[in-house]
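See below for the structure under consideration.
Since the model is a prediction, treat every value here as computed from it, not as a measurement.
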Amino acid sequence: MNLAVFAYSRKGCETARRVLQTMGKDCECRAFTMERFEERGFSPIQKPSPSFYGPLFQWADAMVFVGACGIAVREIAPHVKDKRTDPAVLSVDELGKFVIPLLSGHIGGANELAKSLAEQLDAIPVITTATDINHKFSVDSWATTHGFAIDNMHAAKSVSAAILESPVALHSDFPIVTPLPNGVVSGDHGSVGICLSWETKKLYEETLLLVPKILHLGIGCRKGTSIEAIQELVEDVLNQYHIHPKALKCVSSIDLKKEESGLLSFCEARGLPVSFYTSEELKAVKGEFTPSEFVKHITGVDNVCERAALIHAEKLIVKKTARNGVTVAVAAENLEVRFE
């Protein structure tokens with residue numbers, strides 16, 4: 001985590017050091033204070049403010065302002081854009097009595113950071129988000145901490161508003177191994193509801209789709225295959241099997257393809273990590289696969305895409321699909337849903 005801490009008085013610097021001691025483990029930390037209070041470990045706050053705070057707002061995962069809430073509000077206001085990408089922002093009074101999450105309470109994790117920091121400082125966390133203070137299920141916070149992508153932020157807001165009035169229906173394609181949280185009931189119908197799936201589903205009048213990143217994309221290709229050919233087939237497979245793009249976790253292939261520019265460019269464009277395996281590693285994968293004598297002659301293994309997809313996954317959900325020298329298969333990891 002990248003952490004930026006700001007202090008605006010001598011006493012504030014003392015509290016900022018306590019914050020750094022508490023939150024600074026396994027973090028890249030930067031601490032700042034006013035030039036007249038500058039001391040070891042603190043860099044000076046530069047003026048004008050927007051050009052100083054802006055790059056830090058982009059860099060940080062969390063920002064802690066030790067001082068009045070108004071200072072933090074004024075300095076971050078020009079840079080606030082989207083709750084999905086804005087950092088967690090906390091305000092701590094200079095005596096360290098109160099910890100207040102100001103921005104990205106759920107998705108950015110500011111609420112949980114505030115509770116943790118307050119416990120270490122022996123302070124009071126001041127949580128103001130409605131679902132938290134009413135002890136209702138916080139869908140965006142849960143999704144973030146459990147690795148589910150939120151398909152539609154408007155639907156997330158609708159769920160959070162509805163859950164305060166009456167229980168919201170939830171459907172899961174995966175086994176739920178804990179009790180449902182407060183404010184959620186099992187159901188496939190309703191005006192607003194939550195669906196946990198890697199498929200693009202619409203079960204409710206307004207569906208909040210939460211997508212787990214658990215699908216592995218196995219790809220094989222001829223030498224010199226273009227990124228366009230790979231993209232076209234992958235898109236067609238996703239559409240045909242109603243697979244949400246955010247469910248893709250990684251790409252796998254044979255090591256003979258580790259320098260294929262089309263494949264590497266595809267992975268980079270999608271933001272997907274790619275792993276390459278030897279023919280011996282692929283042959284060791286157990287299961288029934290779509291064999292090809294031509295592929296076996298070239299690579300030493302009868303199938304690349306299906307075997308590659310199943311490495312570190314459990315179930316093949318899309319068997320080999322081929323076109324224009326590209327083969328694609330998709331496998332899924334096992335998943336159990338926990339609300340705890």
Check: S141 side chain, S138 main-chain N or O, donor-acceptor pair, under 3.5 Å: no

Looking at E165, I want to see if its CD is surrounded by more than 12 non-hydrogen atoms of other residues, nucleotides or ligands under 6.0 Å. no

Using a strict threshold of under 4.0 Å (side-chain N to carboxylate O), is an ion pair present between R17 and E14? no

Would you say that H216 contacts L310 through its side chain, given a criterion of any heavy-atom pair below 4.5 Å between the two side chains? no

Heavy-atom closest pair, residues I254 and V304: N-CG1, 3.9 Å

Answer yes if the side chains of E206 and H154 hold a donor-acceptor pair under 3.5 Å, and no otherwise. yes

Joint hydrophobic cluster, V92 plus I76, side-chain heavy atoms closer than 4.5 Å: no

According to a 4.5 Å side-chain heavy-atom criterion applied to Ile, Leu, Val, Met, Phe, Trp and Tyr, with indirect links allowed, do V73 and V99 form part of one hydrophobic cluster? no

Report the C-alpha separation of T290 and E306 in whole Å, then their side-chain angles, then the decisive distance to 0.1 Å, and conclude whether the side chain to side chain donor-acceptor pair (under 3.5 Å) test is met. CA-CA 8 Å; T290 309; E306 292 176 353; 2.9 Å; yes

Do K283 and E280 meet the salt-bridge criterion of a basic N to acidic O distance under 4.0 Å? yes

State whether R323 and D236 are salt-bridged, where the test is any N-O pair (Lys NZ or Arg NE/NH1/NH2 against Asp/Glu carboxylate O) under 4.0 Å. yes

A quick test of your reading: do over 12 heavy atoms of other residues, nucleotides or ligands sit less than 6.0 Å from CG of D82? yes

Got more than 12 heavy atoms from elsewhere within 6.0 Å of CD, E268? no

Under a 4.5 Å cut-off applied to non-hydrogen side-chain atoms, are L238 and V330 in contact? no

Quick one: do K201 and D173 make a salt bridge, cutoff under 4.0 Å? yes

Should I194 and L196 count as side-chain neighbours, where that means a heavy-atom distance under 4.5 Å? yes

F339 side, atom CZ; L170 side, atom CG - distance, nearest 0.5 Å: 5.0 Å

NZ of K11 to CG of D93: how many Å apart, nearest 0.5 Å? 11.5 Å

Could you give me the CA-CA distance, side-chain angles and deciding distance for D132 and T129, then say whether side chain to side chain donor-acceptor pair (under 3.5 Å) is met? CA-CA 6 Å; D132 293 87; T129 42; 2.5 Å; yes

In sequence, state the C-alpha distance, the side-chain angles, and the governing distance for L164 and K136, and then conclude on side chain to side chain contact (heavy atoms under 4.5 Å, CB included). CA-CA 7 Å; L164 296 173; K136 300 288 187 178; 4.2 Å; yes

Using distance alone, with no hydrogens and no angle criterion, decide if T200 and H244 have a side-chain donor and acceptor under 3.5 Å apart. no

Are L90 and L95 joined in one hydrophobic group, where the rule is that I, L, V, M, F, W and Y side chains link up if heavy atoms are under 4.5 Å apart? no

Mind checking whether V274 and L233 sit in one hydrophobic cluster, side chains of I, L, V, M, F, W, Y counted as touching below 4.5 Å? yes

Would the distance check show the side chain of T15 and the main-chain N or O of G12 forming a donor-acceptor pair, the cut-off being under 3.5 Å? no

Is a side-chain N or O of Q231 found less than 3.5 angstrom from the main chain of F266, in a donor-acceptor match? no

Looking at D302 and R307, does any basic side-chain N land under 4.0 Å from a carboxylate oxygen? yes

Which value, rounded to the nearest 0.5 Å, describes the distance between F42 atom CZ and E35 atom CD? 15.0 Å

Can you name the closest pair of heavy atoms from Y8 and M34 and give their distance? CD2-SD, 3.7 Å

Just checking K202: does its NZ atom have more than 12 heavy atoms from other residues, nucleotides or ligands closer to it than 6.0 angstrom? yes

N303 side chain to C305 backbone, donor-acceptor under 3.5 Å: yes

Would you please indicate yes or no on a ring centroid separation below 6.0 angstrom for F52 and F32? yes

What do the steps show when you test L209 against S197 for side chain to side chain contact (heavy atoms under 4.5 Å, CB included), and what is the final call? CA-CA 7 Å; L209 183 62; S197 179; 4.1 Å; yes

Would you check, one step at a time, whether the test side chain to side chain donor-acceptor pair (under 3.5 Å) holds for H312 with E333? CA-CA 7 Å; H312 304 306; E333 299 175 7; over 6 Å; no

Any side-chain heavy atom of L210 sitting closer than 4.5 Å to one from I150? yes

Close side-chain approach of N111 and H106, heavy atoms under 4.5 Å: yes

Are the aromatic ring centres of Y53 and F6 under 6.0 angstrom apart? yes

Minimum side-chain heavy-atom gap V177-V337 below 4.5 Å: no

Looking at E281 and T278, would you say the former's side chain and the latter's main chain have a donor-acceptor pair under 3.5 Å? yes

If we count only N and O atoms by modelled type, under 3.5 Å, do the side chains of N182 and H135 hold a donor and an acceptor together? no

Spatial distance of atom CG (D86) from atom CG (L103) [nearest 0.5 Å]: 5.0 Å

Taken to the nearest 0.5 Å, the spacing of F148 CZ from L208 CG works out to 11.5 Å

Which pair of heavy atoms, one from V168 and one from V159, lies closest together, and at what distance? CG2-O, 4.2 Å

So, do R10 and T33 sit near enough that their side-chain heavy atoms are less than 4.5 Å apart? no

Given the ring of W142, does R338 sit roughly above its face, with NZ or CZ under 6.0 Å from the centre of the six-membered ring and within 45° of the axis? no

If every non-hydrogen atom of A31 is compared with every non-hydrogen atom of L20, which pair is closest and at what distance? CB-CD1, 3.8 Å

Test of understanding: clusters of I, L, V, M, F, W, Y form through side-chain heavy atoms closer than 4.5 Å, transitively. Do V66 and L113 belong to the same one? yes

Is a donor on one side and an acceptor on the other found under 3.5 Å between the side chain of S116 and the backbone of E112? no

Worked check of side chain to side chain donor-acceptor pair (under 3.5 Å) between E94 and S9: CA-CA 8 Å; E94 68 170 33; S9 66; 2.6 Å; yes

Side chain to side chain contact (heavy atoms under 4.5 Å, CB included) between D255 and Y277: does it pass, once the steps are laid out? CA-CA 5 Å; D255 60 357; Y277 301 95; over 6 Å; no

Quick check for you: to the nearest 0.5 Å, what is the distance between L263 atom CG and C221 atom SG? 5.5 Å

Test item: side-chain donor near acceptor, E340 and T178, under 3.5 Å: no

CD of E314: more than 12 outside heavy atoms within 6.0 angstrom? yes

Can you check whether K246's main-chain N or O pairs, donor with acceptor, with K213's side chain at less than 3.5 Å? yes

Would you please test L215 and I317 for side chain to side chain contact (heavy atoms under 4.5 Å, CB included) and show each step? CA-CA 9 Å; L215 301 188; I317 61 172; 3.8 Å; yes

Which heavy atom of S104 sits nearest to which heavy atom of K83, and what is that distance? OG-O, 4.0 Å

Counting only heavy atoms not in K296, do more than 12 fall under 6.0 Å of its NZ? no

Could you tell me which non-hydrogen atom of C13 sits nearest to which non-hydrogen atom of E39, and how far apart they are? CB-OE1, 3.6 Å

Side chain of R30, backbone of V5: donor and acceptor closer than 3.5 Å? no

